[in-house]
Colleague: 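First the structure, then my questions, so here it is.
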Amino acid sequence: MHFRVARQYAAAHGRFLPPTTATWEGHPIGVWAKNARAAARRARENEELRAAGRSVRSAAGAMSVIEEPEPSSRISTGYPM
């Protein structure tokens with residue numbers, strides 16, 4: 001559901017970089033995007049720590065592997081993912 005709403009938001013705004021307060025069709029898309037970016041950042045940082053042989057206290061809040069949308073349905077954010 002969130003990916004569909006994110007695609008609609010991006011189509012309407014030309015990119016997907018909503019402010020935290022943004023809602024779309026009643027969905028708090030800004031909060032969802034903020035949380036998804038933070039979880040991805042934590043997962044990346046944890047992976048870097050593991051690769052360096054350092055311990056990671058908790059993976060809580062880190063994003064696990066998610067399925068990528070089909071290439072035809074991907075939206076361009078203008079930022080590398």
Side-chain angles (χ1 to χ4, degrees):
M1 172 187 59
H2 287 105
F3 286 116
R4 176 186 57 80
V5 175
R7 281 192 288 277
Q8 291 174 353
Y9 182 94
H13 293 88
R15 63 183 183 166
F16 186 70
L17 194 57
T20 305
T21 57
T23 60
W24 194 259
E25 292 184 356
H27 299 281
I29 196 72
V31 172
W32 176 78
K34 175 188 68 79
N35 292 342
R37 286 189 298 266
R41 183 175 46 253
R42 280 190 298 274
R44 185 179 58 249
E45 290 167 354
N46 286 347
E47 190 58 36
E48 290 170 359
L49 289 171
R50 286 186 189 104
R54 297 173 62 192
S55 63
V56 177
R57 281 194 280 174
S58 172
M63 181 177 282
S64 59
V65 176
I66 62 170
E67 276 188 39
E68 284 286 324
E70 293 297 317
S72 62
S73 66
R74 288 187 182 156
I75 54 177
S76 174
T77 61
Y79 297 94
M81 306 255 330

Colleague: In Å, rounded to the nearest 0.5 Å, how long is the span from CZ of Arg37 to CH2 of Trp32?
Modeller: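 Answer for the CZ-CH2 pair, Arg37 versus Trp32, is 9.5 Å.
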Colleague: Going by side chain to side chain contact (heavy atoms under 4.5 Å, CB included), name the residues that satisfy it together with Glu47, two or more places apart in sequence or in a different chain.
Modeller: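 If we apply the side chain to side chain contact (heavy atoms under 4.5 Å, CB included) test to Glu47, skipping adjacent residues, the hits are Arg50.
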Colleague: Determine whether the aromatic ring centres of residues Trp24 and His13 are separated by less than 6.0 angstrom.
Modeller: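 Yes: the rings meet the under 6.0 Å criterion.
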Colleague: When Tyr9 is tested against each of Leu17, Ile29, Thr23 for side chain to side chain contact (heavy atoms under 4.5 Å, CB included), which residue passes?
Modeller: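 Between Tyr9 and the candidates, side chain to side chain contact (heavy atoms under 4.5 Å, CB included) is satisfied uniquely by Ile29.
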Colleague: Would you name the heavy atoms of Ala33 and Pro18 that are closest together and state the gap between them?
Modeller: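 Between these two residues, the closest heavy atoms are CB-CG, 3.9 Å.
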Colleague: Between His27 and Gln8, is any pair of side-chain heavy atoms under 4.5 Å apart?
Modeller: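 Heavy-atom side-chain distance check fails, nothing below 4.5 Å.
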Colleague: Quick check for you: to the nearest 0.5 Å, what is the distance between Asn35 atom CG and His2 atom NE2?
Modeller: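 So the gap between those two atoms works out to 9.5 Å.
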